[in-house]
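Comments concern the structure below.
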Amino acid sequence: MSQTQKVLELNGKKITLIGTAHVSKESIDEVTETIKALQPDCVCVELDEKRSESLQNKEKFAQLDIVSVLKKKQGFLLMANLILASFQRRMGANVGVQPGEEMLAAINTAKETNTMAIMVDRPIQTTLRRAWAKNSLWGKCKLLAALITSAFSKEEVSESEIENLKTGNEMDSMMAELADYMPVIKEVLIDERNIYMAHKIWECPGKNSVAVLGAGHLAGIEEALYQIAKNEEKTDMEEISEVPGKSVGGKILTWFIPALIVGLILAGFIYGGARLGSQMVVAWVISNAVPAGIGALIAAAHPLTILVSMVSAPITSLCPFIGVGFVAGILQALVCKPKVCDMETLQDDVNSLKGWYKNRILRVLLVLILSSIGSSIGTFVGFGDIVSKFFA
């Protein structure tokens, strides 16, 4: 048996875990050969239904509707997905393997052998949203920095280095580094998914199953399966399957800050007269409009988008339901409509700064991000300016 496989005999169930590297030719061969040799009742695959569909439908990005993505408030999720997919594609470029091909091989081999294939991973949208929601402000900054760094990284990985990722020592070292640098990300992306997938694997029909997993999940899922078999696993599956909502304090704060700003401005009119009140309004408008406009300008947005960003930023900063990035992104997508060629080159253009400005879809995301950052900066500056004028 390969060192990348674990065979578990638990409560009458035989579960074979195969640990893979997502861009490894050897992993593809191992997955195919193991499924054919074992003829399991069920093949469990480390994918969710949408990622499975994307792997099997290579034209999926050609059908992307960026306006619909923004309306669903999934712009940041799309950006993260594109960057992560691009990073894996670069890793596999040197060995001629596309990311996820071993998962696709598992699905196709299951079809060939008339075996049920079940997607056992948690939906990627849930995972990314949990990673964002559970992070502190500093954690969010580190996550964005890591994404941006990986987007423009030119680091090349050899075939031997990729194969080493399947060994315990290499993977343990990587997990330890991730836990030290971003503990919440490690918890959401690795630990929670280990438990989620272990439960899904355990629930699969039949007594003999094969689970195809990234090597980083092998040890964690093995441990979780042992705990489930002993009825010691007390994890609330419903809790890790949902995006955590804001705490009561967070909800209050969301409304308290805009109310405080409006209250200060009104107090300025009442106690300082029209002159002070007007000064505070002007300070708020300028503090929000200028950074949001600069953000849109840096993103090379259409002039109309820049103008609307500046006009809407002072208003949207006081409204918890909508942000300036949403408004600017939608408008940019409407006035500079993406073309078919943008869809076709989307995954390649993510790799370069030039690509982000050339590709109309990526530029929409750039407008969304930079105008939002500008408006956030403006909110803090504007609040400070209003307070200083009121108490001057």
Side-chain angles (χ1 to χ4, degrees), residues 50-51 53-55 57-90 93 98-99 124-125 128-129 132 143-154 289-313 316 322-376:
K50 286 192 174 181
R51 283 191 293 154
E53 180 187 348
S54 296
L55 270 180
N57 178 13
K58 299 299 184 182
E59 305 301 320
K60 187 171 179 64
F61 276 116
Q63 303 162 10
L64 179 66
D65 182 352
I66 187 64
V67 174
S68 176
V69 169
L70 295 182
K71 285 181 178 178
K72 294 176 183 176
K73 298 184 178 180
Q74 294 179 349
F76 284 101
L77 290 177
L78 174 61
M79 181 196 74
N81 265 322
L82 287 170
I83 291 175
L84 291 172
S86 170
F87 179 73
Q88 285 194 328
R89 288 180 75 214
R90 287 202 309 277
Q98 292 297 311
I124 185 65
Q125 291 87 350
L128 292 176
R129 282 179 171 173
W132 186 258
L143 177 57
L144 283 174
L147 283 172
I148 293 169
T149 301
S150 66
F152 302 120
S153 172
K154 300 301 180 183
V290 172
I294 291 174
L297 179 64
I298 294 173
H302 188 279
L304 181 59
T305 303
I306 297 173
L307 177 61
V308 170
S309 298
M310 297 180 69
V311 172
S312 62
T316 57
I322 189 171
V324 67
F326 173 82
V327 176
I330 290 283
L331 183 59
Q332 179 68 23
L334 293 175
V335 296
C336 296
K337 293 182 179 179
K339 300 178 180 178
V340 174
C341 61
D342 295 312
M343 313 285 189
E344 293 173 345
T345 62
L346 182 59
Q347 291 181 298
D348 292 323
D349 289 336
V350 177
N351 295 328
S352 68
L353 186 60
K354 180 181 178 181
W356 279 81
Y357 282 94
K358 181 186 73 172
N359 190 295
R360 293 188 173 202
I361 295 175
L362 293 178
R363 201 188 310 171
V364 167
L365 296 178
L366 206 57
V367 169
L368 165 71
I369 296 161
L370 295 183
S371 61
S372 297
I373 292 174
S375 180
S376 298

To the nearest 0.5 Å, tell me how far L366 CG sits from N359 CG.
11.0 Å
L370 CG to L297 CG distance, which is reported to the nearest 0.5 Å
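Answer for the CG-CG pair, L370 versus L297, is 10.5 Å.
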Looking at residues at least two apart in the chain, or sitting in another chain, which of them share a salt bridge (charged side-chain N to carboxylate O under 4.0 Å, His left out) with K358?
D349
Could you tell me which residues satisfy salt bridge (charged side-chain N to carboxylate O under 4.0 Å, His left out) with R51, sequence neighbours excluded, listed by chain and number?
D48, D121
Check side chain to side chain donor-acceptor pair (under 3.5 Å) between S372 and all other residues, then give those that pass, not counting sequence neighbours.
none
Residues which pass side chain to side chain donor-acceptor pair (under 3.5 Å) with S309, listed by chain and number, not counting sequence neighbours:
none
N/O donor to acceptor pairs below 3.5 angstrom from side-chain atoms of residues 325-334, sequence neighbours left out:
unit_1 : atom_1 : unit_2 : atom_2 : d
Q332   : OE1    : H302   : N      : 2.9
Q332   : OE1    : T305   : OG1    : 3.1

Residues forming a side-chain contact (heavy atoms from CB on, under 4.5 Å) with R360, sequence neighbours excluded:
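Partners of R360 under the side-chain contact (heavy atoms from CB on, under 4.5 Å) test: C336, P338, K339, D342.
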As a test of understanding, state which of L368, T316, V367 forms a side-chain contact (heavy atoms from CB on, under 4.5 Å) with V324.
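So the option named by the test is T316.
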Side-chain donor/acceptor of W356 to backbone N/O of R363, under 3.5 Å
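No.
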